[in-house]
2 protein chains.
Amino acid sequence: MQESLRRFKAGIFQALAHPTRIAILEQLKERELSVSELCERLALEQANASQHLAVLRHRNIVLPRKEGNQVHYSLRDPILGQVLDLMREYFHKHLEEALAMLREEGKESVAPRRRNEVPR
Amino acid sequence: MQESLRRFKAGIFQALAHPTRIAILEQLKERELSVSELCERLALEQANASQHLAVLRHRNIVLPRKEGNQVHYSLRDPILGQVLDLMREYFHKHLEEALAMLREEGKESVAPRRRNEVPR
DNA sequence: ATCGCATATTCAATTATTCTTATATACGGA
DNA sequence: TCCGTATATAAGAATAATTGAATATGCGAT
């Protein structure tokens, strides 16, 4: 597979690689929502929500539907919903380490590794 | 779901969000490989491969196994293999637009949208 | 036409990723 | 021990992503 195709996939993952956008997609997985509904549910600034939606839109991950004054967004392909479901499963499976990882967050003690040890 | 859990998921996606790391994972999905084998197959610089492997390692996506002089890496959880498979399916389904998107790459003509049009 | 609301875009500042080059560490063998 | 190979890390420059504030656009109602 060529570099360009991998860039396409990487682009999709990159679009998913932000907590806010994951939150948005988890909402849209259930049903179509307007921008203001999303802002309300997720406590987002309007401009910020719009920017994140733009990221998702540019990757064709999300579909806008205009209705009068507002824009309703929906998840374009259920496959990405499945991906999110798999991630949920993955998350549960690795709950312990996920929590540990989150607890470690912010620490920067370097803890030099002992000789003969495999890298962190 | 809390912000911290979404950060965990976003972190995984972020680790997947690079063409080189996708290439690495697609190789490891098939079988365990040493760093030098990966470098050879993917035509990577040693230092660069090592950095990308470090990203995957820190997320516990990939597992190092030391054997004498070298380190063999494997995919830690087949779920992520499934995720890559779903992405492949997604990719095929949206092949047309993917190609269009890739063709557009590098252009920066802004193409002002017509009034009454839904955003890009 | 003008107002008000919903949404989108732009800009500048900050922060995070990525690449390259150089150096460090760990190991096995002579 | 010292050497060569495999891998990891560090440092710096280049690039990209994120944010908040300000502004723009599109639409419905008056």
Side-chain angles (χ1 to χ4, degrees), chain A residues 3 6-7 10-24 32-40 42-59 62-73 105-106 108 110-120, chain B residues 3 6-7 10-11 13-24 33-40 42-59 62-73 105-106 108 110-120:
Chain A
E3 171 71 10
R6 289 196 203 107
R7 277 210 304 273
I12 308 277
F13 283 126
Q14 183 169 273
L16 303 183
H18 193 285
T20 301
R21 294 196 289 269
I22 289 183
I24 289 174
E32 192 194 58
L33 288 169
S34 71
V35 177
S36 47
E37 285 172 312
L38 280 170
C39 286
E40 194 180 328
L42 302 173
L44 300 175
E45 300 271 331
Q46 181 273 319
N48 196 238
S50 197
Q51 283 164 336
H52 284 300
L53 285 167
V55 171
L56 296 170
R57 223 167 47 219
H58 291 146
R59 303 289 185 188
V62 113
L63 208 64
R65 178 178 66 81
K66 215 169 194 176
E67 186 178 287
N69 218 1
Q70 24 195 97
V71 180
H72 298 265
Y73 279 92
E105 219 166 62
E108 56 230 64
V110 181
R113 42 189 247 258
R114 299 188 303 280
R115 43 159 49 228
N116 201 9
E117 199 181 4
V118 118
R120 273 165 288 125
Chain B
E3 171 71 11
R6 290 195 203 107
R7 277 210 304 273
F13 284 127
Q14 183 168 271
L16 303 182
H18 192 285
T20 301
R21 294 197 289 270
I22 290 181
I24 290 174
L33 288 171
S34 71
V35 178
S36 46
E37 284 173 313
L38 279 171
C39 287
E40 194 180 328
L42 302 174
L44 299 175
E45 298 273 330
Q46 181 272 321
N48 196 239
S50 197
Q51 283 166 336
H52 283 299
L53 284 167
V55 171
L56 296 170
R57 222 166 49 219
H58 291 147
R59 304 289 186 186
V62 113
L63 208 64
R65 179 178 66 82
K66 212 168 195 174
E67 188 178 285
N69 218 1
Q70 25 194 93
V71 180
H72 298 265
Y73 280 92
E105 220 165 61
E108 54 230 63
V110 180
R113 44 190 246 259
R114 298 189 302 280
R115 43 158 52 226
N116 200 9
E117 199 181 6
V118 116
R120 276 165 286 127

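Numbers restart at 1 for each chain; the letters A, B, ... are given by sequence-line order, proteins then strands. Computed over heavy atoms, backbone and side chain alike; hydrogens, waters and symmetry mates excluded.
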Provide, to the nearest angstrom, the distance between the CG atom belonging to L56(B) and the P atom belonging to dA8(D). 12 Å
For the pair made of CD in E37(B) and P in dT5(D), what is the distance, rounded to whole Å? 18 Å
What's the CG-P distance between L44(A) and dT7(C), to the nearest Å? 13 Å
Between K66(A) and dG26(D), is there a side-chain N or O to OP1/OP2 distance below 4.0 Å? no
side-chain contact (heavy atoms from CB on, under 4.5 Å) partners for N69(B), two or more places apart: none
Side chain of R57(A) only, heavy atoms from C-beta on: which candidate in dC27(D), dT9(C), dA8(D) is closest? dT9(C)
Of all residues at least two apart in sequence or in a different chain, which pass the salt bridge (Lys or Arg N to Asp or Glu O under 4.0 Å) check with E37(B)? R31(B)
Between N69(B) and S50(B), which is nearer to the 5' end of DNA chain D once each is assigned its nearest nucleotide? N69(B)
Does A17(B) have any side-chain contact (heavy atoms from CB on, under 4.5 Å) partners at least two apart in sequence or in another chain, and if so, which? F13(A), Q14(A)
Could you run through nucleotides 16-22 of chain C and give me one letter per nucleotide, 5' to 3': B if any protein heavy atom sits under 4.0 Å from the base, S if only the sugar-phosphate is that close, - if neither? -SSBBBB
Look at Y73(B) and dA8(D) and indicate whether a side-chain polar atom (N or O) is within less than 4.0 Å of OP1 or OP2. yes
Mind checking what makes salt bridge (Lys or Arg N to Asp or Glu O under 4.0 Å) contact with E32(A), not counting sequence neighbours? R65(A)
Might you point out which heavy atoms bring V71(B) and P64(B) nearest each other, and give the distance in Å? CG1-CB, 3.7 Å
Calculate the interatomic distance between H72(A) atom NE2 and dG26(D) atom P; express it in whole Å. 19 Å
Taking only residues two or more places apart in sequence or in another chain, which ones pass ring-ring contact (aromatic ring centres under 6.0 Å, His included) with H72(A)? none
Counting only side-chain N and O atoms of S36(B), is one of them less than 4.0 Å from OP1 or OP2 of dT5(D)? no
Could you report the tightest heavy-atom contact between I22(A) and L16(A), atom names first, then the distance? CG1-O, 3.2 Å
Could you tell me the separation between the CD atom of E67(B) and the P atom of dG28(C), rounded to a whole number of Å? 10 Å
Whole-Å distance between dA8(C) P and L53(A) CG? 7 Å
